[in-house]
Amino acid sequence: AGAMRRRGAGYGEIFQALTKANEERCRPPLLQREIANIARSVCRYPPNTSELPSTGEPTKGGLKVVSVEKMLATPDEDVRWVVDGVLNASGTSIVSAKPRTGKSTWVRNLSLAVARGEPFMGRPTMQGPVLYLAVEEIESEVRGIFRAMGATTEPIYVHVGSVMEARVLQDMEAYIQAQKMVLAVIDPLFKVMNTVRDINNYSEVTNALERLADIARRTGCHICALHH
């Protein structure tokens with residue numbers, strides 16, 4: 001494994017080689033997690049550039065190129081789910097339907113389930129703090145709704161009222177990081193991303209959604225937005 005690392009081999013290639021050697025030579029064989037620990041330990045050390053073959057995949061123009069063989073040999077990372085199999089940590093989603101069809105009711109129930117760590121629609125949830133931006137509503141209505149739902153001391157943090165995109169994204173990321181929030185709800189999307197002038201403009205909408213995706217990736221929080 002050490003020799004492979006000096007020649008520039010990555011985790012996946014080393015893990016695969018160790019697995020094969022373990023099957024063929026070790027009695028009793030090591031557990032998979034033990035092999036993974038060995039591969040990770042070896043990969044802490046940088047390759048010896050003097051031993052790298054001249055035919056290795058190059059890095060050009062800021063790209064890190066890897067062969068499909070090496071990519072497929074790398075073990076998949078475990079996916080962390082806020083709602084099992086539906087909403088992933090560090091991801092984004094859009095709940096879209098016509099007005100008055102229950103979108104806000106759905107996400108409020110989602111928020112309460114995540115804050116409590118209770119199943120949502122029959123699926124396990126990741127318990128954690130929730131940020132809820134109720135941009136179109138008034139505080140007394142939101143307060144009454146959560147009270148009727150039985151909310152008490154759950155870690156749900158609510159903003160009610162209009163916002164400006166340039167400031168709200170900055171504040172939203174700061175709140176998410178400070179409270180280690182696992183879910184953020186934007187209700188509705190384009191009252192927050194209000195620099196979008198034409199929701200039918202692909203470029204404008206894509207750029208707006210990418211700004212939300214960047215926050216989700218940086219914080220590990222799932223961002224769920226509503227759209228009419």
Side-chain angles (χ1 to χ4, degrees), residues 1-94 110 114 117 119-129 169 172-173 176-177 180-184 202 205-225:
M4 291 179 67
R5 182 58 178 165
R6 286 195 299 274
R7 291 195 296 270
Y11 173 86
E13 190 175 4
I14 294 172
F15 179 83
Q16 189 177 48
L18 288 174
T19 299
K20 184 177 180 180
N22 183 52
E23 293 172 352
E24 295 176 351
R25 302 179 187 178
C26 296
R27 296 293 181 273
L30 298 174
L31 299 174
Q32 286 288 298
R33 65 171 179 270
E34 295 175 307
I35 298 172
N37 287 338
I38 294 170
R40 277 194 291 267
S41 178
V42 170
C43 288
R44 290 182 302 170
Y45 300 95
N48 185 341
T49 55
S50 65
E51 294 188 25
L52 293 178
S54 59
T55 55
E57 292 92 350
T59 298
K60 295 182 179 179
L63 300 178
K64 184 178 181 182
V65 181
V66 63
S67 68
V68 170
E69 180 183 6
K70 286 186 177 180
M71 182 175 65
L72 294 177
T74 303
D76 293 333
E77 295 181 1
D78 290 336
V79 178
R80 297 168 58 246
W81 296 103
V82 176
V83 177
D84 188 50
V86 179
L87 306 180
N88 61 308
S90 303
T92 58
S93 60
I94 294 180
L110 166 65
V114 170
F120 180 70
M121 299 184 70
R123 295 175 179 269
T125 62
M126 177 192 299
Q127 193 279 327
L169 295 185
M172 185 170 73
E173 183 167 359
I176 290 171
Q177 290 179 332
K180 295 181 171 55
M181 293 172 173
V182 301
L183 175 67
Y202 176 83
V205 172
T206 299
N207 289 336
L209 295 179
E210 189 59 32
R211 292 194 288 275
L212 289 180
D214 284 342
I215 294 174
R217 286 190 287 264
R218 286 194 295 266
T219 62
C221 178
H222 184 94
I223 299 177
C224 176

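Quick caveat: nothing in here was measured; it's all calculated off a predicted structure. As a basis for the values below, the full set of heavy atoms in this structure was taken, side chains included, without hydrogen atoms, waters or symmetry mates.
Put simply, the residue from Thr125, Val82, Val86, Leu183 that forms a side chain to side chain contact (heavy atoms under 4.5 Å, CB included) with Leu110 is Leu183.
Residue Gln16 comes nearest to Ala73 through the heavy atom pair OE1-CB, 4.0 Å, listed as atom of the first residue, atom of the second, then distance. Across Gly220 and Ala89, no two heavy atoms sit closer than the pair O-CB, 3.5 Å. A pairwise comparison of heavy atoms in Asp84 and Arg123 identifies O-NH1, 3.0 Å as the closest pair.
Qualifying side chain to side chain donor-acceptor pair (under 3.5 Å) partners for Ser93, counting only residues two or more places apart in sequence or in other chains: His222. Leu209 is linked by a side chain to side chain contact (heavy atoms under 4.5 Å, CB included) to Ile94, Leu189, Val205, counting only residues two or more places apart in sequence or in another chain. With sequence neighbours excluded, no residue satisfies side chain to side chain donor-acceptor pair (under 3.5 Å) with Glu13. Take Asn207 and apply the side chain to side chain contact (heavy atoms under 4.5 Å, CB included) test, not counting sequence neighbours, and it matches Ser203, Arg211. Residues satisfying the side chain to side chain donor-acceptor pair (under 3.5 Å) test with Glu210, not counting sequence neighbours, are Arg217. Residues that satisfy the side chain to side chain contact (heavy atoms under 4.5 Å, CB included) test with Glu34, not counting sequence neighbours, are Leu30, Leu31.
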**OP:** Applying side chain to side chain contact (heavy atoms under 4.5 Å, CB included), run through Ile176 and Arg218 and close with a yes or a no.
**Re:** CA-CA 10 Å; Ile176 290 171; Arg218 286 194 295 266; over 6 Å; no
Original post:
Could you walk me through whether Ile223 and Met172 pass the side chain to side chain contact (heavy atoms under 4.5 Å, CB included) check?
Top reply: CA-CA 10 Å; Ile223 299 177; Met172 185 170 73; 4.2 Å; yes
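Pairs of residues two or more places apart, or lying in two chains, that qualify as ring pair (Phe, Tyr, Trp, His ring centres under 6.0 Å) and include a residue from residues 12-43 are Tyr11-Phe15.
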